[in-house]
Structures are given as structure tokens and as C-alpha cells.
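Have a look at the structure below before the remarks.
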Amino acid sequence: MMPLLNVERLSKSFGTHQVLNSIDFSVRAGEVTCIVGPSGSGKSTLLRCLNFLEVPTSGVVYLEGEPVGLRWKRDRLYRMSFNELAMQRQKMGMVFQGFHLFPHMTALENVIEAPVIVKGRSRAQALEEAMALLDKVGLSERAHYYPKQLSGGQQQRVAIARSLAMQPALMLFDEPTSALDPELVGEVLTVMRKLAEEGMTMVVVTHEMSFARDVADHLVFMDGGVIVEAGDPREVLSNPRHARTRAFLSRVL
């Protein structure tokens, strides 16, 4: 079965500074891949390259067999137009460290905005679907609250519902709990665990090792812009093969 997401020889440089160096990995439909590693290892840059928020210096990301941000023309790959890329990005939801909610909109309005404006859903249909999503993330009773009236964990759960409203094939999470107070982390991870149980394909950059061990199908450890070690999360975390992985895990476990 062809992977839903396939990353081939992906590299990214900012000037003379190489952040990613020939990254290869794949994710099958329904799998959860967690990416861990020290700060500055290239994790977030990799995630942003997956949906072309950062343009790779070289290499290609394929989603459902199609190159991301690029299109074939006369046996060569060329940059997509802005509109083409916007259409393709609808297949990938992304949840950032910050919540990025529209402050002047309620939780419900934040969730229905893209389906109505981008996908052309009727407002009635979008409202019904949005309420179901807010119920899924445990916030149906906060549907008419504004972001400033919600805790950080609640705002992040609204952000997850907003991404899910576009019915993506793949969800990308960039350290979604790193900006939260410790007591709020669990409520966001609970929602993500539920998504994994329901078969949502996810790539998660995280420092939450217990989540990676319990939920992920595949664990990727990065350092210095390369994949140092990858495999079954329980095996990598309990019996790492590489000295660099062992040194990192000794500090975070």
C-alpha cells in the first residue's frame, strides 16, 4: 500500500546554514508518527516543509502520490501557483504551538470560517459540523465564548477542531502543548489520543514522551538536521541504538 505521506531526500538551508539534510520517511494512512529531538534539531522546519510553509531547498514531499507545492510539466517539477497550493493544503490540517484563533470570533465562528469561505459549505451545514467537532474536543458548552474567555488548553482544542473542519487526510501538530501550563497539557493530549484511536493520520512534533510511547506507531529522533534513529516507539525509547539518542533520552525521561 502506497504511503499517504512520503518524504524523499528533503533538505532545507537558510543561507549557508543547513537545517535539514536529506530526510527520508513515510507515513501510511491511519498511522501516527512522532518526531522528537533537542531544540534546534530541525523538527519544526521539517513539519513546515511538509505543507510547503517552508519551501524545501531540495527533495520532494508526496501526499497521496502527488508532490506537495509542485506540479509536473514536461517531465519536470515546477512551483504550484498560490491557488493550486491553497487547494492542496486543504488536505493537511496544521496545529501550531500558538493557537492563532481569530480574537474577534467565537469558538464556533472560528471553526466554521474556513468551511464556509474556502469550501463553500452552507452556513447551516457548517454550523452542524462545527458543533459536532466542538463536542468531540469537549467544548460544545464553550461554543459561543471568545478566545480571551478560554484557557490555553481550550483555545488549542478549538484550533484542533478548526483544522478538523476542513476534513484533512493528514494532521500536522507542531509541539501543540509546549505553550500550555502543565495542568492543561493533558486535555489536549486526550483529544489527540482520541483522534489516533479513530484512525486519523498524524505527524506530531512533541516533547511528550509518554504520548509518543503510548500512541505513536513510529518514532523519529532528529538531531543536527538528520534522522539519527527511527522505529517502534517502545523499542527506541527503551533500547536506543545510537549514543546520541541515549544521551537525549537520559535528559528527558
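Numbers here are sequence positions counted from 1. None of these values were measured; they are calculated from a predicted model.
One N or O on the side chain of T106 and one on the backbone of E109 form a donor-acceptor pair closer than 3.5 Å. Using modelled atom types, one side-chain atom of R246 and one backbone atom of P240 make a donor-acceptor pair closer than 3.5 Å. Without hydrogens or angle criteria, S163 side chain to M94 main chain gives a donor-acceptor distance under 3.5 Å. Looking at Q90, its side chain never comes within 3.5 Å of a backbone N or O of P168 through a donor-acceptor pair. Between the K119 side chain and the A114 main chain, no donor and acceptor come within less than 3.5 Å of each other. Judged by distance alone, the side chain of E31 and the main-chain N or O of H218 form no donor-acceptor pair under 3.5 Å. A donor-acceptor pair is defined here as one N or O able to donate and one able to accept, closer than 3.5 Å; no such pair exists between the side chain of S13 and the backbone of G15. Proximity of a side-chain donor or acceptor of D232 to a complementary backbone N or O of E235 within less than 3.5 Å is detected. Proximity of a side-chain donor or acceptor of E197 to a complementary backbone N or O of K194 within less than 3.5 Å is not detected. In this structure, the side chain of E229 engages the main chain of R241 through a donor-acceptor pair within 3.5 Å.
Both V7 and M222 belong to a common hydrophobic cluster when Ile, Leu, Val, Met, Phe, Trp and Tyr are linked at side-chain heavy-atom distances under 4.5 angstrom. V203 and L189 are assigned to two separate hydrophobic clusters, defined by single-linkage of ILVMFWY side chains at heavy-atom distances under 4.5 Å. If you chain together hydrophobic residues whose side chains sit under 4.5 Å apart, V220 and L46 fall into the same group. Transitive grouping of hydrophobic side chains (ILVMFWY, heavy atoms separated by less than 4.5 Å) brings L139 and L180 into a common cluster. By the rule that hydrophobic residues join a cluster once side-chain heavy atoms approach within less than 4.5 Å of another member, I227 and V32 end up as members of separate clusters.
Taking the side chain as every heavy atom from C-beta outward, V27 and P3 never approach each other to under 4.5 Å. Counting heavy atoms from C-beta on, the side chains of K43 and E175 come closer than 4.5 Å. In this structure, the side chains of S41 and I35 stay at 4.5 Å or more apart for every pair of heavy atoms. Inter-residue side-chain proximity for F211 and R193 is flagged as met; some heavy-atom pair is nearer than 4.5 Å. Looking at L85 and R89, their side chains come closer than 4.5 Å, going by heavy atoms from C-beta outward. By the 4.5 Å heavy-atom criterion applied to side chains, F52 and V55 are counted as neighbours. Between I23 and K12 the shortest side-chain heavy-atom distance does not fall below 4.5 Å. Using a 4.5 Å cut-off on side-chain heavy atoms (C-beta onward), V158 and V137 make no contact.
In terms of heavy-atom proximity, M192 sits nearest to P176 at SD-CG, 3.7 Å. In terms of heavy-atom proximity, L195 sits nearest to F173 at CD1-CZ, 4.2 Å. Heavy-atom minimum distance, P233 versus L219: CA-CB, 3.8 Å. Nearest heavy-atom pair, L150 versus A107, reported as atom, atom and distance to 0.1 Å: CD1-CB, 4.5 Å. Here the shortest heavy-atom pairing between R234 and S238 reads O-OG, 2.5 Å. Taking every heavy atom of both residues into account, A126 and R121 meet most closely at CB-CB, 4.2 Å.
The structure places CG of L172 at 11.5 Å from CZ of R48, a figure rounded to the nearest 0.5 Å. Taken from CD in Q155 to CG in N110, the straight-line distance is 9.5 Å, to the nearest 0.5 Å. With rounding to the nearest 0.5 Å, the separation of OG1 in T57 from CZ in F14 is 7.5 Å. M202 CE to C34 SG: the interatomic distance, rounded to the nearest 0.5 Å, is 7.5 Å. Between atom CZ of residue F99 and atom CZ of residue R157 there is a gap of 11.5 Å, rounded to the nearest 0.5 Å. Between atom CG of residue L50 and atom CZ of residue F25 there is a gap of 5.0 Å, rounded to the nearest 0.5 Å.
Atom CD of E128 has 12 or fewer heavy atoms from other residues, nucleotides or ligands within 6.0 Å. Atom CD of E183 has more than 12 heavy atoms from other residues, nucleotides or ligands within 6.0 Å. Heavy atoms from other residues, nucleotides or ligands lying under 6.0 Å from CZ of R9 number 12 at most. Within 6.0 Å of the CZ atom in F82, the count of heavy atoms belonging to other residues, nucleotides or ligands does not exceed 12. No more than 12 heavy atoms of other residues, nucleotides or ligands lie within 6.0 Å of CZ in R79, so this atom counts as exposed by the packing criterion.
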Could you go through the side-chain contact (heavy atoms from CB on, under 4.5 Å) check for H242 and F248 one step at a time?
CA-CA 10 Å; H242 294 269; F248 171 76; over 6 Å; no
Do S11 and Q18 pass the side-chain contact (heavy atoms from CB on, under 4.5 Å) test, and can you show the C-alpha distance, the side-chain angles, and the key distance before you say yes or no?
CA-CA 8 Å; S11 296; Q18 186 161 24; 4.0 Å; yes
Audit row: L101, R162, side-chain contact (heavy atoms from CB on, under 4.5 Å) steps and yes/no:
CA-CA 9 Å; L101 300 178; R162 181 177 60 181; 3.8 Å; yes
Between L70 and M80, does a side-chain contact (heavy atoms from CB on, under 4.5 Å) hold up when you go through it step by step?
CA-CA 5 Å; L70 306 167; M80 282 183 174; 5.5 Å; no
Should E129 and Q125 be marked as a side-chain hydrogen bond (donor to acceptor under 3.5 Å, both in side chains) after you check the CA-CA gap, both sets of side-chain angles, and the distance that decides it?
CA-CA 6 Å; E129 294 172 350; Q125 181 185 8; 3.1 Å; yes
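Side-chain contact annotation: E84 with S81, donor-acceptor N/O pair under 3.5 Å present. Judged by distance alone, the side chains of T45 and E54 never bring a donor and an acceptor atom under 3.5 Å apart. A side-chain N or O of D174 and one of S44 form a donor-acceptor pair less than 3.5 Å apart.
Between K136 and E198 a salt bridge is recorded (basic side-chain N to carboxylate O distance below 4.0 Å).
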